[in-house]
Protein chains: 2
Amino acid sequence: MSENQQDNKIDDYQKPSLTVDNLLFAIADEPSDNIRKLGNKKLQILLIKRNYEPFENCWGLPGAFMQMEESFLETSTRVLNEKMKLSNIYFEQLYTFDDIKRDPRTRVVSVAYLALINKVNVARSDDANLCWFTVEISKKQIVLNDEHGNKIDLNNAQLAFDHSKIIRMGVERLQNKVEYSNIVFGLMQKEFTIAELQQVFELILDKKFTKANFERKLRDKIEPTNQYRTSGFRPAMLYKTKEN
Amino acid sequence: MSENQQDNKIDDYQKPSLTVDNLLFAIADEPSDNIRKLGNKKLQILLIKRNYEPFENCWGLPGAFMQMEESFLETSTRVLNEKMKLSNIYFEQLYTFDDIKRDPRTRVVSVAYLALINKVNVARSDDANLCWFTVEISKKQIVLNDEHGNKIDLNNAQLAFDHSKIIRMGVERLQNKVEYSNIVFGLMQKEFTIAELQQVFELILDKKFTKANFERKLRDKIEPTNQYRTSGFRPAMLYKTKEN
DNA sequence: TCAAAAGTGTTGCCCGTACACCCATGT
DNA sequence: ACATGGGTGTACGGGCAACACTTTTGA
């Protein structure tokens with residue numbers, strides 16, 4: 001952050017507005033209809049229905065204008081806490097969006113944050129405008145679904161502002177980091193079976209693994225607790241993320 | 001970029017200032033003292049000596065306040081063109097820095113851009129305050145050197161603002177992307193030998209390769225021209241980056 | 001002839017993949 | 001008994017690292 005010699009009165013010029021937008025992802029469990037089969041997991045994202053201009057009645061990412069005395073992370077947690085009480089969130093800066101016309105009113109620059117929670121900790125929100133959308137990732141497209149069967153295809157910009165683009169970039173980041181970091185554990189509960197972890201990988205990467213190979217791939221990142229998940233057939237060992 | 005319902009007059013609140021800072025990297029050639037040896041390459045970064053407050057007389061990254069009618073990229077190219085005429089620059093957004101106290105005067109948020117050039121295209125600058133510093137990357141630290149033997153250790157913050165941190169992050173990004181993208185060609189001339197490319201990899205990653213293995217590693221990213229570099233001993237095939 | 005670099009071939013190891021097989025459970 | 005998932009072993013192949021060797025040049 002340097003400046004030209006001429007810029008001495010730095011508060012004395014017109015500034016863009018600055019907002020923070022949140023991509024909050026979580027995993028939902030969907031019990032199986034067949035008692036002999038595992039339940040399905042879904043990747044979800046939190047959206048808010050805008051009942052104000054601009055983009056009134058569109059779905060968009062929950063965000064807020066940044067205040068002078070708070071950092072991005074503080075803005076971000078403030079928003080999420082106003083909407084629903086949350087804790088233990090994994091946060092990571094995604095990208096800063098600056099298209100000049102991205103907001104029809106005036107120049108607004110937005111810093112997007114990627115946030116992950118394990119959904120067990122979600123206190124129900126009293127904001128009727130909030131909704132968890134299922135994120136269906138495939139090679140060709142990303143489609144969001146709400147619980148009433150409404151579909152939003154991210155290739156057609158049906159969301160507010162450039163939020164479709166932001167979500168696509170967020171999914172891409174998630175896909176990349178799942179492969180080489182521990183980011184996936186931000187979506188898991190403290191204890192989980194290998195099959196559950198595998199399902200989450202498969203959801204995010206739109207790709208199937210085999211049990212044996214998946215176990216070897218993750219072996220050095222997890223360690224067994226000595227407890228079992230019995231809600232199924234043969235009890236499955238519960239694992240947790242390896243310390244250090 | 002959403003907001004609370006209450007925020008209707010969006011220009012009617014105090015906003016942080018917004019700047020763009022540039023990490024401009026290039027490769028310098030240093031001819032060998034021994035005629036029987038190859039010359040050395042160095043990674044360099046462009047810094048500017050601040051002759052104004054704050055951090056007067058400190059070195060810092062060249063940057064500027066963003067104007068209402070320009071995007072980050074436009075701010076970035078404006079700065080670099082004001083300082084020295086450049087073209088064909090590779091640009092990539094690095095990160096957005098928002099520590100509340102990073103600027104002692106007031107709240108300033110800075111978007112950092114990573115930029116790469118091949119130095120052949122550098123028109124000499126008439127700004128005496130600009131200087132190319134050599135970047136020495138090792139496992140423990142990053143040290144900057146100017147041509148007069150002055151050293152700046154990035155572990156001690158001797159640069160303006162949080163620019164040490166920004167440079168460390170930029171080097172890290174460069175190291176990561178060199179391994180899995182074509183970013184390195186932004187630093188190379190149009191035609192280059194494999195040995196030159198190998199030297200640049202070794203500089204950035206602080207790691208040695210063997211010829212045979214390095215050739216195999218890069219084989220699918222480059223293609224031979226049918227020209228040779230004769231300035232050495234046995235002439236070396238010149239390569240260029242593979243199209244498609 | 002010799003030092004340095006250009007260029008190529010061989011080998012072994014590690015890791016990801018495919019696939020096969022047995023174990024444990026409750027209906 | 002059987003379907004389903006849990007869990008483990010084996011075998012193949014590609015890619016990377018180590019290393020050895022030949023070729024080419026100018027002094």
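Proximity of I117(B) to L80(B): side-chain heavy atoms (C-beta onward) are nowhere separated by under 4.5 Å.
Atom OH in Y180(A) sits about 20 Å away from atom P in dC15(C), given to the nearest Å. Rounded to whole angstrom, the span from the CD atom of E215(B) across to the P atom of dC21(D) amounts to 20 Å. Put simply, CG on L197(B) is 12 Å from P on dA6(C), counting in whole angstrom units. Rounded to whole Å, atom P of dA20(D) lies 13 Å from atom CG of N213(B). Residue F201(A) contributes atom CZ, which lies 12 Å from atom P of dG16(C) at whole-angstrom precision. Rounded to whole Å, atom C1' of dG7(C) lies 11 Å from atom CZ of R219(B). A straight line from CE of M237(B) to P of dT25(D) spans 13 Å, rounded to a whole angstrom. The CD atom of E179(B) sits 10 Å away from the P atom of dC16(D) (whole-angstrom rounding).
Contacts of A212(A) with the nucleic acid, taken as non-hydrogen atoms under 4.0 Å apart, include base atoms. Residue contacts shown for K217(A) are absent, as no nucleic acid heavy atom lies under 4.0 Å away. Within the 4.0 angstrom heavy-atom criterion, no nucleotide atom of any strand lies near I194(B).
One can find a donor-acceptor pair under 3.5 Å joining the base of dA6(C) and the side-chain atoms of K211(B). Residue side chain R216(A) reaches the base of dT10(D) through a donor-acceptor N/O pair under 3.5 Å, judged by distance alone.
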Considering only distance and modelled atom types, tabulate donor-acceptor pairs under 3.5 Å from the side chains of residues 178-187 of chain B, sequence neighbours left out.
from: E179(B); atom 1: OE1; to: K217(B); atom 2: NZ; distance (Å): 3.3
from: S181(B); atom 1: OG; to: K177(B); atom 2: O; distance (Å): 2.7
from: S181(B); atom 1: OG; to: I183(B); atom 2: N; distance (Å): 3.1

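If you check the side chains of Q158(B) and D153(B), you find no donor sitting under 3.5 Å from an acceptor.
For Y239(B) and F192(B), the gap between ring centers reaches or exceeds 6.0 Å.
Between A236(B) and F233(B), the residue anchored closer to the 5' end of DNA chain C is F233(B), taking for each the nucleotide with the nearest heavy atom. Comparing T210(B) and Y228(A), the nucleotide of DNA chain D nearest to each residue sits closer to the 5' end for Y228(A).
Salt bridge status for R229(A) with E191(A): absent, with no side-chain N to carboxylate O gap under 4.0 Å.
Residue R234(A) has its side chain nearest to dG7(D) when only dA5(C), dG7(D), dA17(D) are considered. In the set dA5(C), dG6(D), dT24(D), dT24(D) carries the atom at the smallest distance from any side-chain atom of P235(B).
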